[in-house]
Amino acid sequence: MKFHICQTLAQVEEAVKQIPEVVAIDTEFVKGNPRTTRLLAIIIADSEQAWYFPWYIADETCIDNHKYWDTIRDIIESRKAIFLQDYNHCDTIILYKHGIDIRDKQVYNLIDMHHLIDENANHSLDTRVKEVFNDPYKEIFWGKYQNYEDAPESEATEYACKDAIYTYRLGVKDLQQVPTDLYQHVKSLGRSLLETELNGLKVNLRLIQETKDSLDTEIQAYLPKLKEEFYEQTEIWELQEWAKEISKRKSNDGRLRVQRPVFNFDSDKQIAWLVYEALKCPALVKTKTGNPSTNSEALLALSESRPALKTLCQYKETKAIYNTFVEGMLTRVENNRIYPHFNVSGTATGRLSHSDPNMGNLPKTGVIRNFFIPDVEMAIIGADYSQLEVVIEANLTNDPNLIRILTEGASKHDITAEGLGIDRNQAKTLNFALQYGAGAGKVGKILGVSKHEAEDIFRRYWELYSGINALKEKVNEEIERTGQITNLAGRTRHFPRPRDKYEMYRQQRQAYNFLIQGVAAECCNRAFYRYGKGLFSVHDEIVAQVPIADAETEKARLIQVMENISKDFNFKYSLKAVAYGPFDCWKKT
DNA sequence: GCCCGGGTCTTGT
DNA sequence: CACTAGACCCGGGCT
């Protein structure tokens, strides 16, 4: 390997002559928000050489330095293809904020490529370099230094140059293995979402603040009520814990300094003690590890005999909304905007994931979604796919009853309720449970019937949807035999050899779900980038902002784009979408 | 005292 | 019973 440290204009001009058309680019920067953090260096590399450009030269104002950076920007922006280890799009965003725009270049992001190759693997450069090249330089570097900028220049440059060279080598390797078409879809989706990551979403700060204040008062009103209702029990807990803590101390002085603890209604452990030890309530619901549960289902079930538990439940609910969606939102506001991150390589199925904040799990009731508002002279519009997973499943299985749902405009819940002679709400729960592979035992729990009856309903359910059942059996066989499965969009999911039959069953459930959910995700993802003006998407919904005057034409175009995805997959039963808006904030319809 | 991972719960599709 | 992000508590390990 050869490292070129380019600190003068003459060195850069020399580099220009040598740097090839296809390169890897790596950036070093101060840890922090990519939109505001400081760039430290840019490294350009091929498989054997790296050229290191320290950014501080840009801060020194002289003619040559302007030329120095103009030259580097021109080199980067004129490359034919660029390999990038771009976790969370940090490099693209930082380069953009420093005047270098690679958003529309032919970029090969190793994170995205490697995720398509092996969705279970760790995609970090650390792990991959250790595995493929057996070079421990990263471990050694981070063992010695906390931050990149702490290292002496010679070590820092060598470290960064190696990163860039390995990025190039791994990029070439990934490019040979990645499913090309699928990668282009992922790249286009990421490019489209990058606009929202850079521009952010406008929020109604006043509404967030008002919501915070009103929930604050609500929570403050709950606490004295809870203290009163459970005075006897919390008193015991506090004294017991106090005594325990005192007995741990060795010196008299230490014992005197122990403060009396306060019962914490936010602690699941303490709530469990209160409900099951102090109040001696029966454990109607268990957690996955077999402990008595403190979730709302358990508390509400017990509240018939202990009405105070309902207050506790309401407190917990309000507190959760307050913490996650109000406080959590406020801490993320910058200049009346929120900048979510979208991860196109975050799930095994191909679904998009969102974070900081997660736009995908905002409560559909209440005021939280209304925090998000359009920019001036714009309006929020959007569209949902109707029964997206049913359409996918009908196309994959040709199941007569699923086809009936689509052609007769019925709902799956009605068909199930009718076919099994059960309540519609129960049918709804049953449909979701069985779609995700629930067994007869689970059916019994949901319907509250005997094991025998449950088995009968389970059998009749799969007679009703015999087409689905047939595909499930085919998938089960394939997973057991090959340990992997590829969906209609060309995405593959891999499973490790199962340790027992229960792990095998779980893999079979995951595999079937992948087949349906994965294709549903690809539909929505493709529609999102083809529409081109979306703000973000949430699994089967696309949210956009458009000029108020264009709202109706944009709604029509959005629906057309979404429904046209049928052609990508040659669907016999077409996708259907329903639009909403124009609105002055995001709302659920 | 701070960090990390596991457990539990809640939210959405 | 599939796929998420994120809140809090709690215990153990490290500085």
Side-chain angles (χ1 to χ4, degrees), chain A residues 119 241 261 263-273 285-299 312-313 315-329 331-332 340-366 368-369 384-390 392-393 428-446 458 461 472 475 493 502 505-521 523-525 536-543 588:
Chain A
E119 76 287 358
E241 290 298 307
F263 188 89
N264 184 357
F265 286 98
D266 297 335
S267 161
D268 295 320
K269 203 188 167 192
Q270 291 173 36
I271 298 287
W273 177 89
V285 185
K286 299 277 183 69
T287 67
K288 66 169 180 184
T289 52
N291 297 320
S293 170
T294 58
N295 68 14
S296 64
E297 187 200 345
L299 297 185
L312 178 58
C313 223
Y315 165 80
K316 280 182 40 155
E317 198 183 321
T318 313
K319 197 74 196 283
I321 300 276
Y322 179 88
N323 284 333
T324 311
F325 301 114
V326 182
E327 270 300 346
M329 218 58 93
T331 61
R332 291 182 169 96
H341 170 62
F342 303 100
N343 193 352
V344 295
S345 299
T347 67
T349 55
R351 268 191 175 177
L352 192 64
S353 83
H354 328 59
S355 60
D356 305 298
N358 180 358
M359 298 301 293
N361 74 343
L362 305 186
K364 49 186 174 186
T365 58
I368 307 293
R369 288 186 190 219
D384 287 79
Y385 274 118
S386 21
Q387 312 205 73
L388 177 56
E389 301 206 345
V390 176
I392 309 291
E393 217 169 6
K428 196 171 170 177
T429 317
L430 212 56
N431 277 336
F432 284 119
L434 287 163
Q435 170 165 20
Y436 299 138
K442 202 76 196 180
V443 172
K445 262 191 189 167
I446 291 166
F458 183 83
Y461 185 94
K472 280 199 176 192
V475 170
R493 186 158 182 189
Y502 298 105
Y505 296 153
R506 193 173 72 243
Q507 292 182 357
Q508 290 170 333
R509 292 196 296 269
Q510 291 171 325
Y512 183 80
N513 177 59
F514 166 69
L515 228 48
I516 311 297
Q517 189 180 98
V519 175
C523 288
C524 199
N525 291 346
F536 57 93
S537 78
V538 187
H539 309 312
D540 65 356
E541 174 183 5
I542 290 173
V543 183
K588 190 71 205 168

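Every value quoted in this text rests on a predicted model; they were computed, and no experiment measured them. Below, chain A is the first sequence line, B the second, and so on; all start at residue 1.
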For this session: Could you please name the partner base of C:dT15, counting Watson-Crick and G-U wobble pairs only when both distances are under 3.5 Å?
Result: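 When the pairing criteria are applied, nothing turns out to pair with C:dT15, so the answer is none.
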Problem set entry | Base partner of B:dT11, which must satisfy Watson-Crick or wobble distances under 3.5 Å |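 The base-pairing partner of B:dT11, which may sit in any strand shown, does not exist here.
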Problem set entry | Student check: side-chain heavy atoms of A:V326 and A:I368 closer than 4.5 Å |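 Answer yes - side chains close enough.
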In terms of side-chain heavy atoms of [X], which of [options] is nearest?
{"X": "A:Y436", "options": "B:dG12, C:dC9, C:dA2", "answer": "C:dA2"}
{"X": "A:S296", "options": "B:dT10, C:dC1, C:dA5", "answer": "B:dT10"}
{"X": "A:K364", "options": "B:dC9, B:dG12, C:dC8", "answer": "B:dG12"}
{"X": "A:N513", "options": "C:dA2, B:dT13, B:dT8", "answer": "C:dA2"}
{"X": "A:D268", "options": "C:dA7, B:dT11, B:dG7", "answer": "B:dG7"}
{"X": "A:R493", "options": "C:dC3, B:dT13, C:dA5", "answer": "C:dC3"}
{"X": "A:N295", "options": "B:dT10, C:dC3, B:dT8", "answer": "B:dT10"}
{"X": "A:F325", "options": "C:dA5, C:dC1, B:dT11", "answer": "B:dT11"}
{"X": "A:A320", "options": "B:dT10, B:dT8, C:dA2", "answer": "B:dT10"}

Just checking [X]: base, sugar-phosphate only, or nothing, at a heavy-atom cut-off of under 4.0 Å?
{"X": "A:N361", "result": "base"}
{"X": "A:L362", "result": "sugar-phosphate"}
{"X": "A:A348", "result": "sugar-phosphate"}

Is the phosphate of [N] approached by [X] (side-chain N or O, under 4.0 Å from OP1 or OP2)?
{"X": "A:S267", "N": "C:dC10", "value": "yes"}
{"X": "A:T294", "N": "B:dC9", "value": "yes"}
{"X": "A:T287", "N": "B:dT8", "value": "yes"}
{"X": "A:K269", "N": "C:dG11", "value": "yes"}
{"X": "A:T347", "N": "C:dC3", "value": "no"}
{"X": "A:N291", "N": "B:dT8", "value": "yes"}
{"X": "A:Q270", "N": "C:dC10", "value": "yes"}

Exercise. What is the ring orientation for A:F536 with A:F342, classed by angle as parallel under 30°, tilted 30 to 60°, or perpendicular over 60°?
Worked result: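 A:F536 and A:F342: parallel rings.
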Between atom [atom1] in [X] and atom [atom2] in [N], what is the gap in whole Å?
{"X": "A:E119", "N": "C:dT4", "atom1": "CD", "atom2": "P", "result": "10 Å"}
{"X": "A:N431", "N": "C:dC1", "atom1": "CG", "atom2": "P", "result": "16 Å"}
{"X": "A:W273", "N": "C:dC10", "atom1": "CH2", "atom2": "C1'", "result": "18 Å"}
{"X": "A:N358", "N": "C:dC3", "atom1": "CG", "atom2": "P", "result": "16 Å"}
{"X": "A:F514", "N": "B:dT13", "atom1": "CZ", "atom2": "P", "result": "22 Å"}
{"X": "A:Q510", "N": "C:dC3", "atom1": "CD", "atom2": "C1'", "result": "10 Å"}
{"X": "A:D540", "N": "C:dC3", "atom1": "CG", "atom2": "C1'", "result": "13 Å"}
{"X": "A:I542", "N": "B:dT13", "atom1": "CD1", "atom2": "C1'", "result": "14 Å"}

Problem set entry | hbond_proxy A:Q517 side chain to C:dA2 base (donor-acceptor, 3.5 Å cutoff) |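 By the distance-only test, yes, there is a pair.
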Exercise. Ignoring hydrogens and angles, are the base of C:dC3 and the side chain of A:R351 linked by a donor-acceptor pair under 3.5 Å?
Worked result: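 Side chain to base: pair present.
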For this session: Could you tell me the separation between the CD1 atom of A:I271 and the OH atom of A:Y315, rounded to the nearest 0.5 Å?
Result: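 One gets 8.5 Å once the value is rounded to the nearest 0.5 Å.
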Exercise. Is the backbone N or O of A:E297 less than 3.5 Å from a side-chain atom of A:N295, with the two atoms forming a donor-acceptor pair by type?
Worked result: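 Yes, because the side chain of A:N295 sits within donor-acceptor range (under 3.5 Å) of the backbone of A:E297.
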Exercise. Side chain of A:N264, backbone of A:K269: donor and acceptor closer than 3.5 Å?
Worked result: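 Side chain of A:N264 to backbone of A:K269: no pair is present.
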For this session: Search all heavy atoms of A:V538 against all heavy atoms of A:G360 and return the closest pair with its distance.
Result: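 Closest pair (atom of A:V538, atom of A:G360, distance): CG1-CA, 3.6 Å.
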For this session: Looking only at non-hydrogen atoms, find the nearest pair between A:C524 and A:E541 and report the distance.
Result: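 Heavy atoms only, the tightest pair is SG-N, 3.9 Å.
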